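Being a predicted model, the structure only gives us computed values, none of them experimental. Every chain is numbered from 1 and lettered A, B, ... according to where its sequence line falls, protein lines coming before strand lines.
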There are 2 protein chains.
Amino acid sequence: MINDFKHHVNRLRSSGLRPTKQRLTLCKVLFDRKETFHFTIDNLKKRIEKTTKSKISLATVYNTVHAFKNNGYLREISLQGNKTFFDTNSSSHHHFYDQDTGDLIDIKNEDIIVSKLPSAPKGKKIKQIEVTLSLANNNQNQKK
Amino acid sequence: MINDFKHHVNRLRSSGLRPTKQRLTLCKVLFDRKETFHFTIDNLKKRIEKTTKSKISLATVYNTVHAFKNNGYLREISLQGNKTFFDTNSSSHHHFYDQDTGDLIDIKNEDIIVSKLPSAPKGKKIKQIEVTLSLANNNQNQKK
DNA sequence: AAAATAATTTATAATCATTCTAAACTAGAA
DNA sequence: TTCTAGTTTAGAATGATTATAAATTATTTT
Ligand SMILES: [Mn+2]
Ligand SMILES: [Mn+2]
Ligand SMILES: [Zn+2]
Ligand SMILES: [Zn+2]
């Protein structure tokens with residue numbers, strides 16, 4: 001599996017995306033690893049620069065990440081603050097969000113059970129259930 | 001209760017905020033109504049201009065909204081896309097988020113039951129449980 | 001009530017993330 | 001090889017938010 005990227009080429013082709021040098025580089029950086037992870041664009045840009053010799057323009061990183069997201073390779077995660085996070089774990093799951101550190105930790109889908117849900121408004125369907133558990137330090141924020 | 005804003009003055013004072021003309025105007029626009037609502041800064045700025053005669057600078061709207069949020073009068077809501085929403089309903093509750101229209105609909109806390117939760121990491125505490133149900137149109141996005 | 005002070009407001013500039021543009025480049029088809 | 005549509009790119013443009021620093025105002029002190 002290592003050093004093999006035929007499957008990336010295939011996946012890109014089957015999404016109607018040409019397997020360009022830049023896209024394959026991104027595929028390797030994002031998907032050729034055991035653990036999934038969360039990242040920002042800025043974050044990812046730096047990782048590419050460190051990890052690979054390829055130079056990819058910022059515009060292309062944006063374009064590619066959005067293409068990957070639109071084709072279900074990546075998930076976009078919404079958090080407070082004005083930064084957008086992405087998740088290489090595109091399957092359904094939830095998150096701890098540490099308000100102090102900004103850390104984001106995966107929670108497996110089966111570790112949270114939502115046993116009651118409202119029904120969707122007329123003509124609409126529930127497409128995704130997302131639970132975010134916000135964390136803070138244990139010590140009571142004792143005022144004074 | 002109408003045309004009475006002593007309680008706003010009191011609340012501001014008890015938060016260590018001086019009851020300025022601008023803050024009281026914001027309090028009236030945000031809290032003197034039956035229904036709670038969701039808004040963006042831009043959104044709120046326009047509402048102020050329509051509703052009141054007061055002219056409040058953009059910087060003050062930002063400052064005040066953040067002060068109100070930090071003191072628990074408002075909640076900040078995180079959604080996909082790069083806009084920040086606020087919620088005059090500061091109590092614990094959940095949301096429908098319509099991916100097509102961008103609409104945000106409240107779900108009462110008791111209409112969602114989360115019956116299994118993971119435990120928080122060491123030294124951390126779960127401060128907030130937020131469930132977002134993403135909506136899309138019923139019709140299957142049939143590809144061709 | 002006037003003066004002193006500290007907080008607040010404001011216009012405007014600065015920053016930062018993201019998107020747009022249009023020219024150069026490239027993958028795949030003919 | 002030539003053609004064409006798709007892709008990449010640098011840089012400009014946009015839009016939201018934050019910073020700055022001077023003017024104003026609320027509150028405290030005299
Ligand atoms: Mn904010
Ligand atoms: Mn995006
Ligand atoms: Zn995740
Ligand atoms: Zn709400």
Side-chain angles (χ1 to χ4, degrees), chain A residues 5-6 8-29 38-49 52-71 73-74 76-86 102, chain B residues 5-6 8-29 38-49 52-71 73-74 76-86 102:
Chain A
F5 49 89
K6 288 243 178 62
H8 291 142
V9 173
N10 293 336
R11 179 151 77 151
L12 289 168
R13 282 237 166 77
S14 73
S15 304
L17 298 172
R18 289 188 181 173
T20 62
K21 193 155 61 76
Q22 292 83 348
R23 284 173 179 159
L24 285 168
T25 298
L26 261 285
C27 278
K28 284 185 241 164
V29 171
H38 308 110
F39 64 92
T40 62
I41 295 283
D42 187 56
N43 207 325
L44 174 61
K45 185 105 202 308
K46 280 174 190 146
R47 189 186 285 239
I48 296 163
E49 279 158 11
T52 79
K53 320 205 171 217
S54 340
K55 200 257 165 196
I56 305 186
S57 80
L58 180 60
T60 299
V61 178
Y62 271 99
N63 289 342
T64 306
V65 164
H66 278 120
F68 285 6
K69 175 197 148 194
N70 291 336
N71 286 280
Y73 307 181
L74 294 172
E76 190 172 341
I77 299 182
S78 323
L79 293 175
Q80 284 188 196
N82 40 2
K83 237 173 236 170
T84 302
F85 281 78
F86 293 90
Chain B
F5 48 89
K6 288 242 178 64
H8 292 143
V9 173
N10 292 338
R11 178 149 83 148
L12 290 168
R13 283 238 165 76
S14 75
S15 303
L17 298 171
R18 287 186 182 173
T20 61
K21 194 155 60 75
Q22 291 84 347
R23 284 172 179 160
L24 285 168
T25 298
L26 261 285
C27 278
K28 283 183 241 163
V29 171
H38 307 112
F39 64 91
T40 62
I41 295 284
D42 187 56
N43 207 326
L44 174 61
K45 186 106 201 307
K46 279 172 189 145
R47 189 187 284 241
I48 295 163
E49 279 156 12
T52 78
K53 322 208 170 213
S54 339
K55 201 258 165 197
I56 305 187
S57 78
L58 181 59
T60 299
V61 178
Y62 272 98
N63 289 341
T64 306
V65 165
H66 279 119
F68 286 5
K69 175 197 148 195
N70 292 335
N71 287 282
Y73 306 0
L74 295 171
E76 189 172 342
I77 298 182
S78 322
L79 294 174
Q80 284 187 197
N82 41 1
K83 237 173 237 170
T84 302
F85 282 77
F86 292 90

Using the test side-chain hydrogen bond (donor to acceptor under 3.5 Å, both in side chains), find all partners of A:T60 that sit at least two apart in sequence or belong to another chain. A:S57
Across all chains, not counting sequence neighbours, the side-chain hydrogen bond (donor to acceptor under 3.5 Å, both in side chains) partners of B:N63 are none
For atom CG of B:N43 and atom C1' of D:dG15, their distance in whole Å: 15 Å
Grab the CD-C1' distance between B:E76 and D:dT18 for me, whole Å please. 14 Å
Phosphate contact (C:dT18 OP1 or OP2) by A:Y62 side-chain N/O below 4.0 Å: yes
Establish, for the pair A:R47 and A:F39, whether the NZ or CZ atom is under 6.0 angstrom from the six-membered ring centre and no further than 45 degrees off its axis. no
Kindly say if A:H66 contacts the phosphate of C:dT19, meaning a side-chain N or O under 4.0 Å from OP1 or OP2. yes
Whole-Å distance, A:L24 CG to D:dT8 P, equals 10 Å
With sequence neighbours left out, write down each residue that passes side-chain hydrogen bond (donor to acceptor under 3.5 Å, both in side chains) with A:N70, or none if nothing qualifies. none
Please state how far atom CZ in B:F39 lies from atom C1' in D:dA16, giving the value in whole angstrom units. 15 Å
Show me the side-chain donor-acceptor pairs of residues 16-29 of chain A shorter than 3.5 Å, one per line, residues at least two apart or across chains.
| residue | atom | partner | partner atom | Å |
| --- | --- | --- | --- | --- |
| A:T20 | OG1 | A:R23 | N | 3.2 |
| A:R23 | NH1 | A:R18 | O | 3.0 |
| A:T25 | OG1 | A:K21 | O | 3.0 |

Contact state string [nucleotides 7-16 of chain C, B base, S sugar-phosphate only, - no protein heavy atom under 4.0 Å]: SSSBB-----
OP1 or OP2 of C:dA27 under 4.0 Å from side-chain N/O of A:R13: no
I need the CG-P distance between B:D42 and D:dA16, as an integer number of Å. 6 Å
Could I get the full list of ring-ring contact (aromatic ring centres under 6.0 Å, His included) partners for A:F85, not counting sequence neighbours? none
